[in-house]
Amino acid sequence: MIIGIPKEIKKDEYRVGIVPAGVKDLVSNGHKVLVQKNAGIGSGILDAEFKTEGAEILKNPADIYSQAEMIMKVKEPLPSECEYLRKGQILYAFLHLAPAKELTETLLKKEIIAIAFETVELEDGSLPLLIPMSEVAGRMAIHEGAKYLEREKGGRGILLGGVPGVKPGNVVILGGGIVGSNAARMAIGTGANVTLLDINLKKLRYLDDIFGGKITTLSSNSHNIIESIEKADLVIGAVLKTGAKAPKLITRERLKRMQKGSVIIDVCIDQGGSLETSRPTTHSNPTYMEEGVIHYCVTNMPGAVSRTSTFALTNATFPYALQLANNGLKKTIQKNSALKKGVNIYKGEVTHPSVSDSLNLLYTPLEKI
């Protein structure tokens, strides 16, 4: 198989879809790897490192797309990249299609095979390709929130850990999954008061146990959400419904009840955001103010720590890519049910129920195609 690795062009995105070790494994298995010039530079990986392991370096992205049978990316293709996609080509990347109707319709029209990292799902419900970036985003959320609580950044002037004689800040985390638990771990480390809400009581018991009672756990309902965010200095939006739009847990009316100068980090923004007032931002212009509350809604948070993120991500994504290259799509998904759930679009058909429901598009089970 011919595998193409284009340079990411989304604003402030410095990750890359493969590392030199991955190139070596593909080439040793008889595959051809095309890497765009400087694709890895943002992650500290030089073209020479890819070339040493057997990759061919091409300057023009059009040449990569025109030759490759499978495109390995990090983020969803932008309109200029969609123009290059070809019928039957495999696109393997984070796609987040549920809130992106225009992109979904484009991919359907192109009749490609779109495999989304974020919906590859194991039998226990875990998301192996989303986990590493959720770990990064959860940990980053506390760093970024602490920064924007500084008065100079427009925040309340709160030090999350406080100091002797002064109360620490209040951190509220909506969702106890990978993002939420990693955010809680970091927030505890600062010395902040941490409250975590989730609808899953079993998960709350588990988190209470592993954190040794250092966090307050609450069942997620309207009353508890409102009461918690009213007292919060920092709120982390960390809810997830696999492949679907994030639920809007904080409406504008609820936002108005928050303290002025408090901060919200909406990690769910890739799936549409957990706030009624959320809209996508970039690392270059990460925040905006609504109702006196700072919103941070960067759609590619892990891109800021690109080297760590690239290696963490490819550790998870590459084994599936190698299976696809060695066996082809049909044989791979027959044996690998987790990857099968990652197929969101197959040659003009929506094949993931959550994407179908979110966008009101016809759902066709992959088995019927």
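Computed from a predicted model, the values in this text were never measured in an experiment.
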So, does Arg86 use its side chain to make a donor-acceptor pair with the main chain of Ser66 at under 3.5 Å?
-> yes
Residue pairs meeting ring-ring contact (aromatic ring centres under 6.0 Å, His included), one or both in residues 198-254, sequence neighbours left out, come to none
Heavy-atom nearest pair, Gly4 first then Ala68, reads N-CB, 3.5 Å
Side-chain donor or acceptor of Ser274 paired with backbone N/O of Lys248 under 3.5 Å | no
Glu123 CD: over 12 foreign heavy atoms closer than 6.0 Å = no
Show your working on side-chain contact (heavy atoms from CB on, under 4.5 Å) between Lys73 and Lys10 and close with a plain yes or no.
-> CA-CA 11 Å; Lys73 290 181 90 284; Lys10 182 167 183 167; over 6 Å; no
Which heavy atom of Ser134 sits nearest a heavy atom of Ile178, and at what distance?
-> CB-CG2, 3.6 Å
Hydrophobic cluster partners of Ile41 (side-chain heavy atoms under 4.5 Å) = Leu46
same_hphob_cluster(Val239, Leu207) at 4.5 Å side-chain heavy-atom cutoff = no
Run the side-chain contact (heavy atoms from CB on, under 4.5 Å) check on Val179 and Leu240 step by step: do they pass?
-> CA-CA 9 Å; Val179 170; Leu240 174 68; over 6 Å; no
May I ask you to decide if Ala93's main-chain N or O and Glu76's side chain share a donor-acceptor pair within less than 3.5 Å?
-> no
Going by the ring-ring contact (aromatic ring centres under 6.0 Å, His included) test, which pairs reach into residues 81-109, not counting sequence neighbours?
-> Tyr65-Tyr84, Tyr92-Phe117, Phe94-His96, Phe94-Phe117
Check against side-chain hydrogen bond (donor to acceptor under 3.5 Å, both in side chains), His31 and Asp25 | CA-CA 9 Å; His31 306 294; Asp25 284 352; over 6 Å; no
Path from Leu275 to Met258 over hydrophobic side-chain contacts below 4.5 Å | yes
Backbone N/O of Leu78 and side chain of Glu81: donor-acceptor pair under 3.5 Å | yes
Do NZ/NE/NH1/NH2 and the carboxylate oxygens of Arg257 and Glu230 come within less than 4.0 Å?
-> yes
Could you pull out the closest heavy-atom pair between His283 and Ala304, with the gap in Å?
-> CE1-CB, 3.4 Å
Under 4.0 Å between a Lys/Arg side-chain N and an Asp/Glu carboxylate O for Glu367 and Lys340?
-> yes
Should Lys32 and Glu56 be marked as a salt bridge (Lys or Arg N to Asp or Glu O under 4.0 Å) after you check the CA-CA gap, both sets of side-chain angles, and the distance that decides it?
-> CA-CA 8 Å; Lys32 184 177 181 179; Glu56 184 179 342; 3.7 Å; yes
Decide yes or no on side-chain contact (heavy atoms from CB on, under 4.5 Å) for Asn300 and Val298, but give the supporting numbers first.
-> CA-CA 6 Å; Asn300 61 332; Val298 175; 3.5 Å; yes
Donor-acceptor pair, Ser228 side chain versus Val172 backbone, under 3.5 Å?
-> no
Taking all heavy atoms of Pro286 and all of Tyr148, pick out the closest pair and write down the distance.
-> CG-OH, 3.1 Å
If only atom types and distance count, is the side chain of Thr310 paired as donor or acceptor with the main-chain N or O of Arg307 below 3.5 Å?
-> no
Between Arg252 and Glu290, is there a salt bridge with N-O shorter than 4.0 Å?
-> yes
Say whether Leu95 and Ile115 are linked into one hydrophobic cluster, either directly or through other cluster members, by side-chain heavy-atom distances under 4.5 angstrom.
-> no
Could you tell me whether Lys347 and Glu349 make a salt bridge, using a distance below 4.0 angstrom between a side-chain N and a carboxylate O?
-> no
Counting only N and O atoms by type, is there a donor-acceptor contact under 3.5 Å from the side chain of Asn344 to the main-chain atoms of Gly342?
-> yes
Under 3.5 Å, side chain of Thr308 to main-chain N/O of Val305, donor-acceptor pair present?
-> no
Ignoring hydrogens and angles, tell me if any N or O in the side chain of Ser358 forms a donor-acceptor pair with the backbone of Val355 under 3.5 Å.
-> no
Closest heavy-atom pair and its distance - Cys82, Thr106 = CB-CG2, 3.8 Å
Determine whether Ile333 and Ile113 fall in the same hydrophobic cluster, where Ile, Leu, Val, Met, Phe, Trp and Tyr are linked whenever their side-chain heavy atoms lie under 4.5 Å apart.
-> yes
Does Asn60 CG have over 12 foreign heavy atoms under 6.0 Å away?
-> yes
Any Ile71 side-chain heavy atom under 4.5 Å of Ile64 side chain = yes
Count the heavy atoms of every other residue, nucleotide or ligand shown that sit under 6.0 Å from NZ of Lys260, and state whether that count exceeds 12.
-> yes
CA sep, side-chain torsions, deciding dist, call: Gln323, Lys335, side-chain contact (heavy atoms from CB on, under 4.5 Å) | CA-CA 10 Å; Gln323 289 179 48; Lys335 295 179 180 179; over 6 Å; no
Hey, does the side chain of Gln36 reach the backbone of Lys7 with a donor-acceptor pair shorter than 3.5 angstrom?
-> yes
May I ask you to check whether Arg254 and Ser222 show a side-chain donor-acceptor distance below 3.5 Å?
-> yes
Electrostatic pair Lys59-Asp47, nearest N-O below 4.0 angstrom | no
Among side-chain atoms of Asp208 and Thr217, is any donor-acceptor pair under 3.5 angstrom?
-> no
Flag yes if Leu324 and Leu34 sit in one hydrophobic cluster, no otherwise; membership is Ile, Leu, Val, Met, Phe, Trp, Tyr, and two members link when side-chain heavy atoms are under 4.5 Å apart.
-> no
In terms of heavy-atom contacts, does CG of Leu366 have more than 12 from other residues, nucleotides or ligands at under 6.0 Å?
-> yes
Given Asp266, Thr277, Thr287, the one that forms side-chain hydrogen bond (donor to acceptor under 3.5 Å, both in side chains) with His295 = Thr277
Closest non-hydrogen atoms of Asp198 and Gly176, given as atom of the first, atom of the second and distance, are OD2-N, 2.7 Å
